[in-house]
Number of protein chains: 2
Amino acid sequence: MTQPSTTEIPPPEGLERLLGSPLVTEIEFLTARARALGSAKANALLAPLDLKIRSYAVLSLACSGAAPSQRELAEFLLLDPSQIVALVDGLEQRGLVKRETDPQDRRSKVIKGTAKGRRLLAQAAAATQQAEDQAMGNLSPTERAQLRDLLRRIAF
Amino acid sequence: MTQPSTTEIPPPEGLERLLGSPLVTEIEFLTARARALGSAKANALLAPLDLKIRSYAVLSLACSGAAPSQRELAEFLLLDPSQIVALVDGLEQRGLVKRETDPQDRRSKVIKGTAKGRRLLAQAAAATQQAEDQAMGNLSPTERAQLRDLLRRIAF
DNA sequence: CCGAATAGTTGAAAATGTCAATAGTTCTAT
DNA sequence: ATAGAACTATTGACATTTTCAACTATTCGG
């Protein structure tokens, strides 16, 4: 005796009921969900290159020409300094980045991408670009630009 | 020439240099950073109520009237079902929600907020609202609405 | 020069995420 | 009607991530 058995339309997802919840109006929830979906996709596309979002971000900044110190990476990526150590260790062992002690301040080490690192970054950037395209398939280029700008203003 | 070092101007944060990095144009990175900042703030404001973002989300959905099953919560919050068990356990032990086996399908358990749960939710919602206000202080009400809509479209 | 502060590193503990196995229930196809 | 497939919640193991407290080397301020 199931009520919606005979001629009722089965909901494709069944979660429409929850979409009306007040939670869905909260930016915090929406960013968390968008991030979870996006990073899952990006990680999947980066996996063939033996990178994750984290290591990709470090590699990208290392190759950007900005020559960030590990402390700067930690602050920028909102990670604990000890995590940066692990990430840079991994990339350095693969010959993708190198540590250089800053002559100005010999406590700090500047992270620079190697030629090999830049080559891998090119592929990785293509992968994340693809992930972004998939994630934002619903949005027009204008809307994507809008979203980028709005996010940038709450992310810094 | 990327060296504007006319005089030694110590930057207030020092991270401006990294803001020009290509990484900053990637939505994935921006949502991750926005989410990290936002959830840190929200968690801090929820801490006095002995809630975290996760438990708050479950409580909110439980009290929404939608009477979600645990499987639905898992899918909606993009969490493993086993994590839902733990979250609901915690809330149930505090008398904030209750489990009811669905008469329609006795495998599934429907989560409903109690009166006590709704009272706490009211305070918690105020806290997250405050967190959101702080996080989006830079944005006008119109921009906030825009951001919400754009996020909603990539989050589902 | 000396003490305070900082950058990187190490290691441990706590929190999260992931996954496989299980019991009870429902569904599907004979 | 029933056997087998599929699904829900649950448990427990295991990996990953997060968080934090030391410790060394170096720089900074007085």
key: Residue closer to the 5' end of DNA chain D, A:Leu78 versus A:Asp102 (nearest nucleotide)   = A:Leu78
key: For atom CD1 of B:Ile53 and atom C1' of D:dT18, their distance in whole Å   = 15 Å
request  = Determine the contact category for A:Ser108: base if any of its heavy atoms lies under 4.0 Å from a base atom, sugar-phosphate if only primed atoms, P, OP1 or OP2 are that close, otherwise nothing.
outcome  = sugar-phosphate
request  = Measure from CG on A:Asp80 to P on C:dA7 and round the result to the nearest Å.
outcome  = 13 Å
query = Atom CG of A:Asn43 to atom C1' of C:dG17: distance rounded to whole Å?
reply = 12 Å
ask   = Does the side chain of A:Leu46 reach to within under 4.5 Å of the side chain of A:Lys52, using non-hydrogen atoms?
value = no
request  = Look at B:Arg99 and D:dT10 and indicate whether a side-chain polar atom (N or O) is within less than 4.0 Å of OP1 or OP2.
outcome  = yes
query = Whole-Å distance between C:dG17 C1' and B:Leu87 CG?
reply = 12 Å
ask   = How close or far is atom C1' of C:dT16 from atom CG of B:Leu77, stated in whole angstroms?
value = 14 Å
message = Of the listed nucleotides (C:dT26, D:dT10, C:dT9), which one gets closest to any side-chain atom of A:Pro81?
response = C:dT9
ask   = What is the distance from CZ of A:Arg35 to C1' of C:dT16, rounded to the nearest Å?
value = 11 Å
task = May I ask you to verify if any side-chain N or O of B:Arg71 is less than 4.0 angstrom from the OP1 or OP2 atom of D:dT10?
result = no
key: Per B:Val85 side chain, nearest of listed nucleotides C:dT10, C:dG8, D:dT10   = D:dT10
task = Provide, to the nearest angstrom, the distance between the CD1 atom belonging to A:Ile84 and the P atom belonging to C:dG8.
result = 9 Å
ask   = Less than 4.5 Å apart, any side-chain heavy atom of A:Arg118 and any of A:Leu96?
value = no
key: Options D:dA9, C:dT16, C:dG17, nucleotide nearest the side-chain atoms of B:Lys52   = C:dT16
task = Taking only the side-chain heavy atoms of B:Leu79 (C-beta and beyond), determine which of D:dT19, C:dG17, C:dT9 contains the nearest atom.
result = C:dG17
query = Do any side-chain nitrogens or oxygens of A:Gln83 fall under 4.0 Å of OP1 or OP2 in D:dT18?
reply = yes
note = Of the candidates D:dT19, D:dT11, C:dA15, the side chain of A:Ser82 sits closest to D:dT19
inquiry  = On the side chain of A:Arg107, is there an atom forming a donor-acceptor pair with the base of C:dT6 - under 3.5 Å, no angle test?
reply    = yes
inquiry  = Measuring only between side-chain heavy atoms, which start at C-beta, is A:Glu143 closer than 4.5 Å to B:Leu150?
reply    = yes
inquiry  = Could you check whether any side-chain heavy atom of A:Glu28 comes within less than 4.5 Å of a side-chain heavy atom of B:Lys41, counting everything from C-beta outward?
reply    = no
remark   = note: A:Arg106, atom CZ; D:dT27, atom P; distance rounded to Å ~ 5 Å
inquiry  = Any side-chain N or O of A:Gln70 below 4.0 angstrom from OP1/OP2 of C:dT9?
reply    = yes
request  = Classify the nucleic acid contact of B:Asp105 as base, sugar-phosphate or nothing, counting any heavy atom under 4.0 Å across all strands shown.
outcome  = sugar-phosphate
request  = Would you mind checking if B:Lys98 and B:Glu92 are paired as a salt bridge, meaning a charged N to carboxylate O distance below 4.0 Å?
outcome  = no
task = Test the A:Arg33-B:Phe76 pair against the cation-pi criterion, namely NZ or CZ under 6.0 angstrom from the six-membered ring centroid and within 45° of the ring axis.
result = yes
Most 5' of B:Glu72 and A:Arg54 on DNA chain D, judged by nearest nucleotide = B:Glu72
